[in-house]
A.B. asks: 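What follows is a single structure, and I will ask about it in a moment.
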Amino acid sequence: MAELKKYVCGPCGYVYDPEIGDPDNGVAPGTPFEEIPEDWVCPICGLGKDAFEEE
């Protein structure tokens, strides 16, 4: 299995780790960044997925 890539929110520095997911916001552990719903936002600053870059 390919290693799941972490993504970082450029403006605030929040790191999305796919092994942890974002369960508080409906993203289960093990969810690749690419599979997060398009309306998901950064839990820290509220920006969308387009603010994130591959770590």
Side-chain angles (χ1 to χ4, degrees):
M1 183 175 149
E3 184 176 340
L4 296 173
K5 296 184 176 91
K6 294 180 182 178
Y7 283 76
V8 62
C9 182
C12 79
Y14 168 81
V15 175
Y16 175 76
D17 182 343
E19 292 186 13
I20 297 169
D22 183 17
D24 291 342
N25 293 294
V27 180
T31 303
F33 187 79
E34 296 79 12
E35 293 180 15
I36 297 174
E38 288 303 315
D39 60 354
W40 179 83
V41 296
C42 176
I44 304 298
C45 71
L47 291 176
K49 287 178 68 177
D50 57 354
F52 283 74
E53 295 178 3
E54 196 174 303
E55 188 176 58

A.B. asks: Considering residues at least two apart in sequence or located in another chain, which fulfil the side-chain hydrogen bond (donor to acceptor under 3.5 Å, both in side chains) criterion with Glu53?
C.D. replies: none
A.B. asks: Show the atom names and distances, to 0.1 Å, of all donor-acceptor pairs under 3.5 Å that link a side chain in residues 18-30 to residues at least two apart or in another chain.
C.D. replies:
residue: Asp22; atom: OD1; partner: Asn25; partner atom: ND2; Å: 3.2
residue: Asp22; atom: OD2; partner: Asn25; partner atom: ND2; Å: 2.9
residue: Asp22; atom: OD2; partner: Trp40; partner atom: NE1; Å: 2.9

A.B. asks: What pair of heavy atoms forms the shortest contact from Val15 to Glu55, and how long is it?
C.D. replies: CG2-OE2, 3.7 Å
A.B. asks: What pairs with Glu54 under side-chain contact (heavy atoms from CB on, under 4.5 Å), at least two apart in sequence or on another chain?
C.D. replies: Lys5, Tyr7
A.B. asks: Of all residues at least two apart in sequence or in a different chain, which pass the salt bridge (Lys or Arg N to Asp or Glu O under 4.0 Å) check with Glu34?
C.D. replies: none
A.B. asks: Distance check, rounded to the nearest 0.5 Å: Cys9 atom SG versus Ile44 atom CD1?
C.D. replies: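 Going from the SG atom of Cys9 to the CD1 atom of Ile44 covers 9.0 Å.
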A.B. asks: Taking side-chain contact (heavy atoms from CB on, under 4.5 Å) as the definition, give me every residue that meets it alongside Glu35, ordered by chain and number, with sequence neighbours left out.
C.D. replies: Thr31, Pro32
A.B. asks: How would you list, by chain and number, every residue that makes a salt bridge (Lys or Arg N to Asp or Glu O under 4.0 Å) with Lys6, sequence neighbours excluded?
C.D. replies: Asp17
A.B. asks: For the CZ atom of Phe52 and the OH atom of Tyr16, what is their distance to the nearest 0.5 Å?
C.D. replies: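 Separation between the atoms: 10.0 Å.
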